[in-house]
Structure formats: C-alpha cells, structure tokens
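Note: hydrogens, waters and symmetry copies are ignored here, and every other heavy atom, side chains too, is used. Quick note on labels: first sequence line is chain A, next is B, and so on, each numbered from 1.
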Amino acid sequence: MSRFITEWKKSHGAGELRIEDAGQTAVLMGWVDAVRNHGGTIFIDLRDRFGVAQVVFDGASLGEADMEVAKGLRQEYVVAVRGTIQKRAGKPNPKLATGEVEVVSTDLELFNRSLPMPFQVADEVDAKEETRLKYRFLDLRRPPLRKAMILRSEAARLAREYFASQGFVEFDTPILTKSTPEGARDYLVPSRVNQGTFFALPQSPQLFKQLLQVSGYERYYQICRCFRDEDLRADRQPEFTQIDLEMSFVDPDDVMTTADGMIASMFAGLKNVEVPLPIPRITYEQAMTRFGVDNPDVRFGMELIDLTDLAKTSGFQVFKSVAGEGGLVTGMVASGGAAFSRKEVDALTEFVKTYGAGGLAWTKRADGKFTGPLAKFVDEALEKALLHDAGMKDGDLALFVADRDASVARTAAGRLRGHLGNKLSLVNPDEFGFIWVTDFPMFERDEETGKLVAMHHPFTSPNSEDLDLLSTDPLKVKTRAYDIVINGQEVGGGSIRIHDRKVQSQVFEALGIGEEEAGRKFGFLLEALSYGAPPHGGLAFGFDRLVAILVGADSIRDVIAFPKTTRAACLMTEAPSQVDTEQLTELGIGLIEK
RNA sequence: GGGGUGGUAGUUAAGCUGGUUAUAACGCCGGCCUGUCACGCCGGAGGCCGCGGGUUCGAGUCCCGUCCACCCCGCCA
C-alpha cells in the first residue's frame, strides 16, 4: 500500500498554498493540469478542488525511480506529491493565486493514468455541448462548473439556515405519488404489485405541503426534485429542483416578506449584494400594461406606450382598423435605436412575427425629422406622444405592434422590449432587477377547447372581493398569487390557497370539473379541507434558475451536475433506454408497435 | 407539433461557383531540452466529411430523407 494513503495524508489544497507557507512540508493530491518537461527539470501544474499549484521535479530532490515516473506524467493523471513549499526559484506567476510558491517534490506517486482527454480541462472550453454532456464527469472538472456546483451547494445551505432560523420544519414528501393530469404531463411509474396502475413522479409537492398545513406544522419547507414531461428549453429540464415552502395563518405579504428574506440572505452571502427590501411589487395588470409580460426585466425602462386611442384616427390603415376592432397598438421608444441598419430592423420584425404579430411599424428620429415607414403617418397627436410623452430624441427608434388580439400585440411588444434591452446593452450584467408580480387572474381561456383553465392552479385563493365574480364573470377574478422575477426571469411563484371547501367547489365548478371528478382526483385534499384546514399559502422557487442567475449562466444545464438534453435524454448514461421483455412482463406491460 | 442554427482527425474549426493526395491549431506518439507556466524546438501517426439514398464523368460541397445537439414558437395547472 502506498505511503501516501497509509501515512502521508493530503495536507493542503493545491490552490490554497501561499508564500506564508514556505518552508512547510506539503502533501498534495490531485490531477495533472499541465506538464512542462525541460529535460532535467519537470514542472507540473497540480489541480484539485481548490485550484492549481506548480510542482517541480528534478534529479537533485527526487530519486531516480520517481524521476522516471515524473517523465511519464500526462494531462489528467492522478498523482500524489510530497515536498517542500518554497518561494519560486524562477519568476512568480501573477496569473495564479499560488504564483509565488512552488512545491519541490521529494516523493511522487502515480495513482492512475488517463486516456487522452476529449476536451481540455480549462476555464474556456470550446467543445460542443454534445461532447461535454457525454463526458459530463470530465466537464465537471472544469473550474467554471466546479464553481457553479459549489455555489449551488452554498445556496442550498443558506436557504436551509434561513428557513431554520424562521422556524420552518423540513419535510420529505413522496416521489411515488398520484397522477394529476391537470397541467403538465406526468412521468409515470408502473406498479408491479398493483398491475395496471401507475404512480406519477410529482410535478411539485403542492398537495402534500397543503396537507401539512392541515396537519398543523404551520411552516414547512423542502428542497425537492420535481418532474414534468414537457418540451425543454434553456431554463427548463424534465427534472428540476424547487425550494418549496408553505405557511399557515398568513397573507400574501407574509409569504413575500419571508421570501424576500431568503433572497436577501443568498445574494448577501454569495454575491455580496445587498438586496433593497422589500422587493417592489406590481400587479399583473400593471406588469402587462407597462412591460407587456408577466416577467419584466426591471433593470431598464423603455416601458410600453399604448397608442390604441391615437390609432383610431390614424392615417395608417393597419393601426386604424386594429384600434377600431378592439385590438391593441403598443410599442416603445428605443433609445439609440436609429443606429440599427435596415437589416437589423428587419430582424426585429422577424422577431415579433415569432410571437404571432403581423409586423412592426417603425420610425427613426434624426436631425429633428422622422424617417422610416411610419414617418408619413406621424400626425400631430402621435408626434406629441412620441416626443413629449415618451421623450423620443434624435438617434432613437420607435417601434409598434398592432394586433386585433390584444394579448398577441402585448406579448410581441413585451418580448421585443426584453430583446432590445439586451441588444442595446441597456442592462448592466452585474446588476440584478427584482420584482414581485401579484394579483394574477384566476382563469384564462384555453385557445383550443374554449374552456376556462386555472392560470396558476385550481387551489389558488381568489381575492375575497372577487368571490361573487366566480359565477358571473370568472375571467375578471383576480387571485392572491404572486411571482418573483429576477432579471426578467420567473424564479418563483406561489399563492394563498383556498382553505374553504365551498370556495374550492365554486372554483372547480367554474373550471367545469364536477364533484365526482374532483373527488376522484383530489378527494384527499377536499376531505382535508373539511377537517379544520387553516388559512395558508406558500411559494416555490426554481432553485436551478436562481443559481443560474447567481452564477450568470445562460442555461440551467450549467448549474445542474447531470442535466438532460432538449430531447429529455442523458447523453452520458444513455437514459432513457429499452428494458428487457421480462421486466415488462412482470409489470404487465406490453409495447405497442407504431 | 412548427421554425432556425450546427454536425469534417481525439477536440475545435477552415474547406469558395462540385474537380488532383481534405487543411490548421490544440491534443496524442517519438526525439532534444535545468526555470517554465497555454514552455520551446525537430519528426510522426491520426478521417465511413453524422447516417441513408439520389443527381453527376466526378459530391465534404448540390437535392431528398433521417438521426443527434443547441436556440425559439406552441406546450410548461
């Protein structure tokens, strides 16, 4: 057995060596980051979790046999080195935290070799994501991912400490649970013991956390995995992690204040950023009017301008007809946008078209004049709206979307605003923009079926003053729901729940869910509401999204150790995969040929 | 389900309007080198050009299909 394992334990993190440590004996263990062989002297950069340090091998300090081993070292070999920490004999390397010192080796052990690497273990790797995901265990050696993983761990620790300090009780809720086909598709798990029946993996612990309020725990939290079998995006994975909480005897303000505290604790602890509390709150209606989206990036202004009234008398036929038919004309003044080329403006038109808008009406302002397609329709009223109300100046670009479907125009304009915010560098990437969006509508109409569906979920409590509207004008019902948005990304959402069995029935009725169906799907919850359910509400944070914002990652894949592709597959394990016929038979499952 | 971008040595890329032996960098292998730090120098190996079909005298290049990765729309109570 190696003396390095039995006798000499690892003494220092490679990245932690400093000039003050000179003279000490160090035992380092880690990976060969780079080899510089000069014949008589060999340098390696030895890397571990903590960083890299230079190790020197030469015939004066190292025995002949170990020197032969040193000559054979290659990238990513795993080694142990014993030696003396010294001030560097050569020049210091200012690029390294350990750049003033080196370890002059007296003993060397090669623990393991490595095949040539599919890509370099470096800060900047230009390997395709496909390659990185296949060799994720190597990708995770790279410093940016290592830092993200460690920050993620710290974020979870801060959350736990915060919730503990606030008197929350941590729970585990079932992973094998009941399918609730409302909402997202479930991942199903067949039951062997009860053939022909299925568990579902939870889309969220929603019902369990409400039940725990009925059980009287008052403050619940959990950092838990959730599963949704839907199509993926940069910010969506089939399994993702949620910080889930629920509280009794609270109103929306209590929950938001509690969430504010957790956010502040994380940003202070991990980014040294003091979040001004309370985080500002706007209603859904305000968000949609001012920003066109329910997840506004509030790091910049460029708020939307509603031209619908002006458009009614406009000479521009598109505006006039849309305004006359109850549609919406909305847009914004992009400061500095006049510099865009025709090609760039055309690209913006294509951008809004992806959201279903017909096109983009625009005019530039230069030398005190309007130019561009909309210019000849700028009448006195529009000129006042642009120059006076919106503060349009020389060098600016005004862009408008008109659509008979107000929500199409709003969404297109809102997304365009976000797009332009980045394109025009209106956002400082080191800044964070926090906002709560509240009072979401209870229902929206399903485009396909024409039926009402719950915008959040059917357990969301309506605003008490809107209760009568449930039966008369349900689309007007607002809820005690709230989303927290950071940098234009929804990172959490929740609501006060219904704790009154009668109100719950009214909501099911509005949704067209009968008593029988409600009982079959959510019977246990409805029953619980009948046994002394306290007023309660809560929230769930998308932990992956939160960490991605904290580390500045573009995709949550970069903060998940073993993420899946947009086809919901794991390139490393090659899951999902086929299974033996015996396994299927035992479950009573047969496959259908397509 | 729809739209877009990409797939060429181990890796990342170049390869024009189809035309000799498909380039380069890094990595890999061999040799030299005692102060480098992305060490350097000399030499070498390495390719089903994603896969299948088609057009053509000739296809990495053009056409059709298909698979994979990523981005977006739909979807995500």
Side-chain angles (χ1 to χ4, degrees), chain A residues 33-46 52-61 67 71 74-76 88-96 98-99 102 104 114-135 138 180-186 203-204 206-207 226-238 240 347 350-357 408 411-412 415 419 440 442-444 446-448 452-460 479 481 490 493 495 507 511 513 521-522 542 554-555 557 564-567 569 571:
Chain A
D33 202 55
V35 183
R36 294 179 291 279
N37 185 341
H38 290 251
T41 302
I42 300 167
F43 302 93
I44 66 164
D45 291 334
L46 189 149
V52 299
Q54 172 161 285
V55 177
V56 187
F57 304 110
D58 61 39
S61 312
M67 199 62 195
K71 281 178 191 164
R74 296 292 179 274
Q75 286 189 5
E76 301 308 313
R88 286 198 178 193
K91 288 195 205 73
N93 183 349
K95 283 187 280 185
L96 287 182
T98 59
E102 61 192 6
V104 179
S114 169
L115 289 173
M117 296 289 285
F119 49 82
Q120 299 299 297
V121 176
D123 278 4
E124 296 297 327
V125 73
D126 41 14
K128 277 193 286 285
E129 192 156 8
E130 203 170 344
T131 316
R132 292 176 45 205
L133 287 173
K134 184 171 178 199
Y135 295 97
L138 299 179
T180 51
E182 313 294 307
R185 292 183 188 90
D186 285 322
Q203 297 179 24
S204 91
Q206 181 61 33
L207 299 179
C226 301
F227 307 85
R228 292 179 191 173
D229 187 6
E230 292 293 342
D231 287 351
L232 307 175
R233 289 281 195 288
D235 61 354
R236 278 196 238 153
Q237 283 275 300
F240 59 98
E350 290 309 308
F351 179 85
V352 296
K353 280 183 179 172
T354 65
Y355 295 93
V408 167
T411 302
R415 296 294 171 201
H419 180 69
F440 281 77
M442 181 90 211
F443 306 105
E444 57 193 345
D446 186 294
E447 297 286 334
E448 281 170 34
L452 290 184
V453 293
M455 195 158 173
H456 194 49
H457 56 58
F459 318 111
T460 305
T479 59
E490 184 201 325
S495 64
V507 169
L511 288 167
I513 299 176
K521 287 177 175 165
F522 313 111
D554 290 330
S555 164
R557 285 190 302 274
K564 294 187 174 55
T565 67
T566 54
R567 299 261 307 164
L571 297 181

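- In this structure, A454(A) reaches the sugar-phosphate backbone alone: every heavy-atom distance under 4.0 Å involves primed, P, OP1 or OP2 atoms, never a base.
- At least one side-chain nitrogen or oxygen of T565(A) sits closer than 4.0 Å to the OP1 or OP2 atom of A69(B).
- Summarising the geometry, the separation between NZ on K134(A) and C1' on G7(B) is reported as 14 Å, rounded to the nearest angstrom.
- Rounded to an integer number of Å, the gap from R132(A) CZ to G10(B) C1' is 17 Å.
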Would you check, one step at a time, whether the test side-chain contact (heavy atoms from CB on, under 4.5 Å) holds for V35(A) with R74(A)?
CA-CA 7 Å; V35(A) 183; R74(A) 296 292 179 274; 5.5 Å; no
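- The shortest side-chain heavy-atom distance between R557(A) and T565(A) does not fall under the 4.5 Å cut-off.
- For C70(B) and U23(B), the P atoms lie 33 Å apart once the distance is rounded to whole Å.
- A donor-acceptor pair under 3.5 Å is formed between the side chain of T98(A) and the backbone N or O of V52(A).
- Here the C1' atom of nucleotide A69(B) and the OH atom of Y135(A) are 15 Å apart, to the nearest Å.
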Check the interface with nucleotides 45-50 of chain B: list each N/O to N/O pair with the protein under 3.5 Å, or write none.
none

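- Under the salt bridge (charged side-chain N to carboxylate O under 4.0 Å, His left out) criterion, K564(A) pairs with E239(A), sequence neighbours left out.
- To the nearest whole angstrom, the two P atoms, one in C57(B) and one in G46(B), are 34 Å apart.
- Protein atom CD1 of I44(A) is 18 Å distant from nucleotide atom P of G35(B), rounded to whole Å.
- Within the 4.0 Å cut-off from OP1 or OP2 of C29(B), at least one side-chain nitrogen or oxygen of R74(A) is found.
- Using C1' as the reference atom, A13(B) and U17(B) are 23 Å apart when rounded to the nearest Å.
- Taking the ring-ring contact (aromatic ring centres under 6.0 Å, His included) definition, one finds that F443(A) meets it with nothing, sequence neighbours left out.
- G3(B) and U8(B) have their P atoms separated by 24 Å, given to the nearest Å.
- Considering only residues two or more places apart in sequence or on other chains, E76(A) meets the side chain to side chain contact (heavy atoms under 4.5 Å, CB included) condition with W31(A), D33(A), R47(A), S114(A), M117(A), V121(A), R141(A).
- Atom CG in D446(A) sits about 14 Å away from atom P in G74(B), given to the nearest Å.
- Every residue meeting the side chain to side chain contact (heavy atoms under 4.5 Å, CB included) condition with T411(A), not counting sequence neighbours, appears here in chain and number order: Y355(A), R415(A).
- Of the candidates C75(B), C70(B), C37(B), the closest approach to any side-chain atom of R185(A) belongs to C75(B).
- Not counting sequence neighbours, the partners of K353(A) by the side chain to side chain contact (heavy atoms under 4.5 Å, CB included) test are T349(A), E350(A).
- Classified by interplanar angle (parallel below 30°, tilted 30° to 60°, perpendicular above 60°), the ring pair H419(A)/F351(A) is parallel.
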Going 5' to 3' along nucleotides 1-6 of chain B, which nucleotides have protein heavy atoms under 4.0 Å from the base (write B), which only from the sugar-phosphate (write S), and which from neither (write -)?
B-----
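- Nucleotide U5(B) is matched to A69(B) when pairs are restricted to Watson-Crick or G-U wobble geometry with both distances under 3.5 angstrom.
- Legend: residues meeting salt bridge (charged side-chain N to carboxylate O under 4.0 Å, His left out) with E230(A), ordered by chain and number and at least two apart, are R185(A).
- Within the shown strands, U12(B) is the pairing partner of A24(B) under the Watson-Crick or G-U definition, both distances less than 3.5 Å.
- Proximity of a side-chain donor or acceptor of E102(A) to a complementary backbone N or O of A89(A) within less than 3.5 Å is detected.
- When the C1' atom is compared between C48(B) and G44(B), the two are found 24 Å apart, to the nearest whole Å.
- Within 4.0 Å of Y355(A), counting heavy atoms only, lie sugar-phosphate atoms of the nucleic acid but no base atom.
- Nucleotides A38(B) and C32(B) have their P atoms positioned 25 Å apart, rounded to a whole Å.
- Q120(A) contributes no side-chain N or O that forms a donor-acceptor pair with the base of U11(B) under 3.5 Å.
- Base pairing analysis places C48(B) opposite nothing; no Watson-Crick or G-U wobble pair with both distances below 3.5 Å involves it.
- Summarising the geometry, the separation between CZ on F43(A) and P on C33(B) is reported as 16 Å, rounded to the nearest angstrom.
- The same atom, P, is picked in C71(B) and in G30(B); the two are 41 Å apart, to the nearest Å.
- Base pairing analysis places U55(B) opposite nothing; no Watson-Crick or G-U wobble pair with both distances below 3.5 Å involves it.
- Between V104(A) and F459(A), the residue anchored closer to the 5' end of RNA chain B is V104(A), taking for each the nucleotide with the nearest heavy atom.
- Ring-base stacking between F119(A) and U11(B) is not satisfied when judged by a centre separation under 5.5 Å and a plane angle under 30°.
- Look at U34(B): it lacks any Watson-Crick or wobble partner with both distances under 3.5 angstrom.
- Note on T566(A): a side-chain N or O is less than 4.0 Å away from OP1 or OP2 of C70(B).
- Residue-level contact check: A60(A) touches neither bases nor backbone, having no heavy atom under 4.0 Å from any strand.
- Residue contacts for R557(A): at a heavy-atom cut-off of 4.0 Å it reaches the sugar-phosphate backbone alone, with no base atom in range.
- Distance, L232(A) CG to C71(B) P: 9 Å, rounded to whole Å.
- At a cut-off of 3.5 angstrom, the base of C75(B) holds at least one donor-acceptor pair with the side chain of R236(A).
- As rounded to whole Å, 12 Å separates atom C1' of C75(B) from atom CD of E444(A).
- Across all strands shown, E129(A) has heavy atoms under 4.0 Å from sugar-phosphate atoms exclusively, and none from any base.
- E490(A) pairs by the salt bridge (charged side-chain N to carboxylate O under 4.0 Å, His left out) definition with nothing, not counting sequence neighbours.
- In this structure, G74(B) makes no Watson-Crick or G-U wobble pair, since no nucleotide meets both defining distances under 3.5 angstrom.
- Looking at residues two or more places apart in sequence or on another chain, you find no salt bridge (charged side-chain N to carboxylate O under 4.0 Å, His left out) involving K91(A).
- Rounded to whole Å, the C1' atom of G10(B) lies 29 Å from the corresponding atom of C16(B).
- Salt-bridge annotation for R236(A) and D231(A): absent, with no side-chain N of the basic residue lying under 4.0 Å from a carboxylate O of the acidic one.
- Remark: A234(A) engages S555(A) in a side chain to side chain contact (heavy atoms under 4.5 Å, CB included) (not counting sequence neighbours).
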For nucleotides 38-40 of chain B, tabulate all protein N/O to nucleotide N/O atom pairs closer than 3.5 Å, reporting atom names and distance.
residue, atom, partner, partner atom, Å
A38(B), OP1, K95(A), NZ, 3.0
A38(B), OP2, K95(A), NZ, 3.2
C39(B), OP2, R36(A), NH1, 2.9
C39(B), N4, N37(A), O, 2.3

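- Using a 4.0 Å heavy-atom cutoff across all strands shown, L571(A) reaches sugar-phosphate atoms only and no base atom.
- Nucleic acid contact class of T460(A) (heavy atoms, under 4.0 Å, all strands): none.
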